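For reference, the structure I am asking about is given below.
If you're wondering where the values come from, they're calculated on a predicted model, not measured in any experiment. Reminder, nothing fancy here: chain letters follow the sequence lines and each chain counts from 1.
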Amino acid sequence: MTLELCIDKQTLLVKIIGELDHHTAEEIRNAIDFELDNNSVRNILFDFSDLTFMDSSGIGVLMGRYKKVSKRNGQVGIYHINPQVRRIFEISGLLGILKEYKNKKQALENI
Amino acid sequence: MTLELCIDKQTLLVKIIGELDHHTAEEIRNAIDFELDNNSVRNILFDFSDLTFMDSSGIGVLMGRYKKVSKRNGQVGIYHINPQVRRIFEISGLLGILKEYKNKKQALENI
Amino acid sequence: MNFMNEMRIEFLSKSQNEAFARVVVAAFVAQLDPTIEEITDIKTAVSEAVTNAIIHGYEDNMGMVEIKCILIDNKIEIEVIDKGKGIVDIGLAREPLYTSKPELERSGMGFTIMESFMDRVEIISKINKGTTIKMYKELKSIS
Amino acid sequence: MNFMNEMRIEFLSKSQNEAFARVVVAAFVAQLDPTIEEITDIKTAVSEAVTNAIIHGYEDNMGMVEIKCILIDNKIEIEVIDKGKGIVDIGLAREPLYTSKPELERSGMGFTIMESFMDRVEIISKINKGTTIKMYKELKSIS
Ligand SMILES: Nc1ncnc2c1ncn2[C@@H]1O[C@H](COP(=O)(O)OP(=O)(O)O)[C@@H](O)[C@H]1O
Ligand SMILES: Nc1ncnc2c1ncn2[C@@H]1O[C@H](COP(=O)(O)OP(=O)(O)O)[C@@H](O)[C@H]1O
């Protein structure tokens, strides 16, 4: 798993390349929380184009980040979800909490 | 494993796509022997461009076909051998028996 | 019965073996020529059960996680076994969103996902003896 | 000792499990980040030992083939075990070109390939009890 992080104005962009499971969750969580604690970001935007696998550990990571940014009135956005991940989002109700966008451009304009 | 067979004059061209191990050896052997028994071919030419794995079961297949075509004064040629397969050929002395060619064109002109 | 195959694997309860377990089961099940979606369903369910064995079954201790996999025709049976601490209340554990480890950001959705990605999920557990998760799936693609 | 991991797998002595065995060992060893050449060496050696267990150990009977794999730092230890008919003369079996099954077009190069692709190969065998092949390799890429 490789992580690409960058900041665009008030939004932290997170691209996860590879698999999000319990093993990789910790590294992802730590990297994001470090940015949240050390930068004045309000929103998190996940690019899931290159996520090859996700299980319920991913729900935990996303819910945890959602709670953190909610406290600063920020949002968690997401784009390019594959069908397997969408099913997990549907089962867990995550789609009601996260904002889904079509692509990066639409996301950055509207978040 | 997928097998592509075709006949060019007196030469049977065999392309093995995938892995050559004990499990796939039988299918390869049967297909080649069927052609040898039912057509007036003298030589066999193996295209190893898309061979992704080979173990000593492959030596057995090649040696067995070599013995068969030798009886009709034919040859066994081969081209596009990858480094792993080359090592197996070197260890087993097969390179001294088979004719190696650079590519299909050179092989068909010289076999 | 036309096709039958069977395997059993054991590995240390280390988190890097979660990905390994998924690869092993996917490679074994691939013999039946399932669809990509079916393979992903199975990998996800196995990932949930193996992760549970590692974090809930063995907690901070090292132990062995075992997976048994039996293929009969188009039917797949997978067991994920640990000899860890066991589940106190299986009914509660199955409930969506219930987790005993919210501090680890567990979502409590593991069993719910196993149930929706497989045809049937059985839980057998004994306190301080361990837990066995049995999962069944029939491949529609080759029935 | 910085890194340690361990697994054990058992499967039916069916020829389609030869490819499965290679995938499993390759996926496990991949944790050490070997080169592609090192992975291919290991896959080839495992393929030889597993094929031998299936065709020589169990011949036409069904039995279980077992693989144990231990990783310690950059060192890999692999055991391939059958409970089949055993090897009568280990010295002869190791000889290049010796095969007891020329009618199956075996080349007699299995042990020679294992020895040249791995650092060390040990053979333990007992008539009618079975055979264990122990193979060792140190990854140069990460030493
Ligand atoms: N193998 C296991 N050993 C012990 N307890 C388990 C095991 N698997 C599940 N549990 C218990 O069942 C609960 C629910 O599991 P699950 O639905 O997978 O959610 P999560 O893993 O997110 O907590 C866990 O929080 C744990 O208390
Ligand atoms: N697991 C095994 N059980 C019984 N006999 C074996 C086993 N492995 C190897 N042998 C014996 O050792 C011989 C040499 O093995 P090998 O070098 O791999 O060549 P091959 O498999 O081509 O015969 C075999 O022909 C067989 O007689």
Side-chain angles (χ1 to χ4, degrees), chain B residues 1-3 14 16-34 36-37 44 46 48 50-71 76 78 81-98, chain D residues 11-23 25-26 34-59 65 80 93-118 121:
Chain B
M1 194 277 307
T2 314
L3 211 53
V14 181
I16 302 170
I17 302 163
E19 305 191 321
L20 199 184
D21 64 2
H22 160 245
H23 179 65
T24 60
E26 195 182 330
E27 186 184 339
I28 296 170
R29 181 164 36 234
N30 291 345
I32 295 174
D33 288 356
F34 180 86
L36 291 185
D37 295 344
I44 308 176
F46 286 94
F48 268 20
D50 292 319
L51 185 77
T52 51
F53 176 82
M54 189 187 100
D55 62 17
S56 77
S57 305
I59 304 174
V61 171
L62 293 170
M63 279 300 298
R65 286 342 96 213
Y66 171 78
K67 284 181 194 155
K68 278 208 145 191
V69 297
S70 288
K71 288 192 192 135
V76 175
I78 192 156
I81 314 176
N82 74 31
Q84 182 242 356
V85 173
R86 183 175 301 280
R87 270 179 68 202
I88 293 181
F89 279 12
E90 280 164 2
I91 295 168
S92 63
L94 262 187
L95 279 184
I97 291 172
L98 311 181
Chain D
F11 49 84
L12 278 179
S13 59
K14 293 190 158 213
S15 64
Q16 68 253 46
N17 291 334
E18 292 156 9
F20 171 65
R22 295 194 293 270
V23 172
V25 174
T35 62
I36 292 179
E37 206 202 330
E38 286 169 333
I39 292 219
T40 308
D41 288 357
I42 293 164
K43 281 174 86 167
T44 310
V46 166
S47 196
E48 297 297 348
V50 168
T51 302
N52 280 353
I54 292 173
I55 58 179
H56 300 300
Y58 291 116
E59 293 187 302
V65 181
V80 177
R94 272 186 191 266
E95 271 180 28
L97 301 175
Y98 170 76
T99 179
S100 56
K101 293 211 186 295
E103 73 282 8
L104 295 184
E105 292 195 343
R106 301 305 302 165
S107 64
M109 293 302 292
F111 280 125
T112 311
I113 287 176
M114 287 181 242
E115 277 162 5
S116 74
F117 281 40
M118 302 293 280
V121 177

> Which pair of non-hydrogen atoms, one from Ile88(B) and one from Met54(B), has the smallest distance, and what is that distance?
Replying inline: CD1-O, 3.1 Å
> Are Met1(B) and Ile17(B) close enough that some pair of their side-chain heavy atoms sits under 4.5 Å apart?
Replying inline: no
> With only heavy atoms counted, which part of Ile55(D) is less than 4.5 Å from chain B, the side chain, the backbone, both or neither?
Replying inline: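 Just the side chain, heavy atoms under 4.5 Å.
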> Where does Ala45(D) contact chain B at under 4.5 Å (heavy atoms): side chain, backbone, both or neither?
Replying inline: neither
>> Quick check for you: to the nearest 0.5 Å, what is the distance between Ile91(B) atom CD1 and Phe117(D) atom CZ?
In response: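 Going from the CD1 atom of Ile91(B) to the CZ atom of Phe117(D) covers 4.5 Å.
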> Which residues satisfy the side chain to side chain contact (heavy atoms under 4.5 Å, CB included) test with Val14(B), sequence neighbours excluded?
Replying inline: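 So Val14(B) forms a side chain to side chain contact (heavy atoms under 4.5 Å, CB included) with Leu3(B), Leu5(B), Leu12(B), Ile16(B), Ile32(B), Ile44(B), Phe46(B).
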Report every donor-acceptor pair between chain B and chain D with a separation under 3.5 Å, backbone and side chains included.
residue	atom	partner	partner atom	Å
Glu19(B)	OE1	Arg22(D)	NH2	2.5
Asp21(B)	OD2	Arg22(D)	NH1	2.9
Asp21(B)	OD2	Arg22(D)	NH2	3.0
His22(B)	ND1	Glu18(D)	OE2	2.5
His23(B)	N	Glu18(D)	OE1	3.0
His23(B)	ND1	Ser15(D)	OG	2.5
His23(B)	ND1	Gln16(D)	N	3.4
Arg29(B)	NH1	Glu105(D)	OE1	2.8
Asp55(B)	OD2	Ser47(D)	OG	2.6
Ser56(B)	N	Glu48(D)	OE2	2.6
Ser56(B)	OG	Glu48(D)	OE1	2.7
Ser56(B)	OG	Glu48(D)	OE2	3.3
Ser57(B)	OG	Arg106(D)	NH1	3.1
Arg65(B)	NH2	Glu105(D)	OE1	2.4
Arg65(B)	NH2	Glu105(D)	OE2	2.6
Gln84(B)	NE2	Thr44(D)	OG1	2.8
Arg87(B)	NH1	Glu37(D)	OE2	3.4
Arg87(B)	NH1	Asp41(D)	OD1	2.9
Arg87(B)	NH2	Ser116(D)	O	3.4

> With side chains defined as the heavy atoms from C-beta onward, is the minimum distance between Leu20(B) and Val85(B) less than 4.5 Å?
Replying inline: no
> Looking at CG of Leu98(B) and CD1 of Ile81(B), how far apart are the two atoms once the value is rounded to the nearest 0.5 Å?
Replying inline: 7.5 Å
>> The test is side-chain contact (heavy atoms from CB on, under 4.5 Å); show your working for Val65(D) and Ile54(D) and say whether it passes.
In response: CA-CA 8 Å; Val65(D) 181; Ile54(D) 292 173; 4.2 Å; yes
